[in-house]
Amino acid sequence: MTDTKAGQLRMELELSPKSIHHAKRIAMESVRLWGADEDSADVGLTVAELLTNVLQHALPADGRETKVATCLVQRVPGGIAVVVHDDDSTPPVLRVSDHESLGGRGLQLISALATHFSVAPSFPGKDVTALFLRGRETASNAAA
């Protein structure tokens with residue numbers, strides 16, 4: 001299910017590679033419609049990476065066979081917020097990948113692109129948030 005309001009996109013998804021691809025495209029187009037073209041690619045990549053993490057690593061809720069997540073993309077003062085909620089309370093792990101690994105770089109990439117990246121408990125699981133604010137240092141630059 002997709003719900004859109006001015007400056008806000010909310011998607012409830014049964015996760016699969018295909019639904020993640022569509023969510024990425026819808027998020028990118030929504031951000032463009034809001035006039036934030038410069039954030040479109042970063043937001044799309046973030047939506048895809050966070051939803052892929054849920055698909056690959058989260059435990060399904062209530063004995064379901066499919067994994068579900070809610071993705072919120074919203075205009076905020078000065079930028080765009082992306083929040084992905086799933087029902088597994090286990091936080092994502094920022095891994096250090098070697099040069100030959102094919103995966104494990106998604107959270108590193110998001111934390112490099114986003115101004116702020118955080119994980120918070122949200123019953124019955126967690127919210128993973130990435131903020132893209134213009135005119136401010138990225139999270140990785142601010143920590144240096």
Side-chain angles (χ1 to χ4, degrees), residues 1-34 36 38-134 136-143:
M1 180 177 94
T2 302
D3 182 24
T4 58
K5 298 177 185 174
Q8 183 182 71
L9 168 67
R10 185 174 183 274
M11 299 178 278
E12 293 180 19
L13 303 156
E14 286 190 11
L15 296 177
S16 69
K18 188 174 186 175
S19 69
I20 292 170
H21 173 75
H22 289 304
K24 175 184 177 179
R25 300 281 311 262
I26 292 167
M28 290 175 69
E29 289 302 319
S30 295
V31 169
R32 285 187 190 116
L33 286 172
W34 302 335
E38 69 277 6
D39 293 318
S40 176
D42 293 348
V43 167
L45 178 67
T46 298
V47 166
E49 288 294 336
L50 293 178
L51 292 174
T52 298
N53 279 352
V54 175
L55 179 62
Q56 291 179 347
H57 303 292
L59 298 174
D62 301 327
R64 292 182 186 176
E65 291 184 23
T66 59
K67 295 183 182 182
V68 297
T70 302
C71 178
L72 174 70
V73 181
Q74 183 170 327
R75 289 176 64 183
V76 296
I80 304 290
V82 174
V83 182
V84 171
H85 173 84
D86 70 85
D87 292 338
D88 183 351
S89 62
T90 307
V93 176
L94 184 64
R95 298 187 318 188
V96 177
S97 297
D98 61 46
H99 297 297
E100 295 181 21
S101 295
L102 295 178
R105 294 179 182 85
L107 293 180
Q108 291 175 353
L109 186 57
I110 293 168
S111 65
L113 294 173
T115 308
H116 177 76
F117 175 78
S118 66
V119 180
S122 177
F123 186 78
K126 65 183 170 296
D127 289 339
V128 181
T129 303
L131 292 175
F132 299 90
L133 303 175
R134 294 296 135 217
R136 297 186 181 173
E137 294 182 17
T138 62
S140 61
N141 292 337

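The residues of the chain are indexed from 1 along the displayed sequence.
- Residue Thr46 comes nearest to Ala130 through the heavy atom pair CG2-CB, 3.9 Å, listed as atom of the first residue, atom of the second, then distance.
- Contact record, Ala27 with Val43: CB-CG1, 4.3 Å, taken as the closest heavy-atom pair.
- For the salt bridge (Lys or Arg N to Asp or Glu O under 4.0 Å) test, residues two or more places apart in sequence or in another chain that qualify with Lys126 are Asp86.
- The shortest non-hydrogen separation linking Leu131 to Ala81 is CD2-CB, 3.3 Å.
- Residues satisfying the side chain to side chain contact (heavy atoms under 4.5 Å, CB included) test with Pro124, not counting sequence neighbours, are His85, Asp87.
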Review item, side-chain donor-acceptor pairs of residues 67-76, under 3.5 Å, at least two apart:
from: Lys67; atom 1: NZ; to: Leu55; atom 2: O; distance (Å): 2.8
from: Lys67; atom 1: NZ; to: Ala58; atom 2: O; distance (Å): 2.7
from: Gln74; atom 1: OE1; to: Gln8; atom 2: NE2; distance (Å): 2.8

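- Contacts of Arg25 classified as salt bridge (Lys or Arg N to Asp or Glu O under 4.0 Å), with partners at least two apart in sequence or in another chain: none.
- Distance check: Leu33 CG to Leu9 CG gives 10.5 Å after rounding to the nearest 0.5 Å.
- Proximity of Phe132 to Val82: side-chain heavy atoms (C-beta onward) are separated by under 4.5 Å at one or more points.
- Separation of atoms NZ (Lys24) and OG (Ser40) is listed at 9.5 Å; rounding is to 0.5 Å.
- Residue Leu15 holds its CG atom at 11.0 Å from CG of Asn53, rounded to the nearest 0.5 Å.
- The structure places NE2 of His21 at 13.0 Å from CG of Leu51, a figure rounded to the nearest 0.5 Å.
- Applying the salt bridge (Lys or Arg N to Asp or Glu O under 4.0 Å) rule to Glu14 yields no partners; only residues at least two apart in sequence or on another chain are considered.
- Rounding to the nearest 0.5 Å places CG of Leu50 at 11.0 Å from CG of Asp127.
- The side chain to side chain contact (heavy atoms under 4.5 Å, CB included) search around Leu109 returns Leu45, Leu113, not counting sequence neighbours.
- Considering only residues two or more places apart in sequence or on other chains, Asp88 meets the side chain to side chain donor-acceptor pair (under 3.5 Å) condition with Thr90.
- Evaluation of the side chain to side chain contact (heavy atoms under 4.5 Å, CB included) rule for Gln56 yields Thr52 as partners, not counting sequence neighbours.
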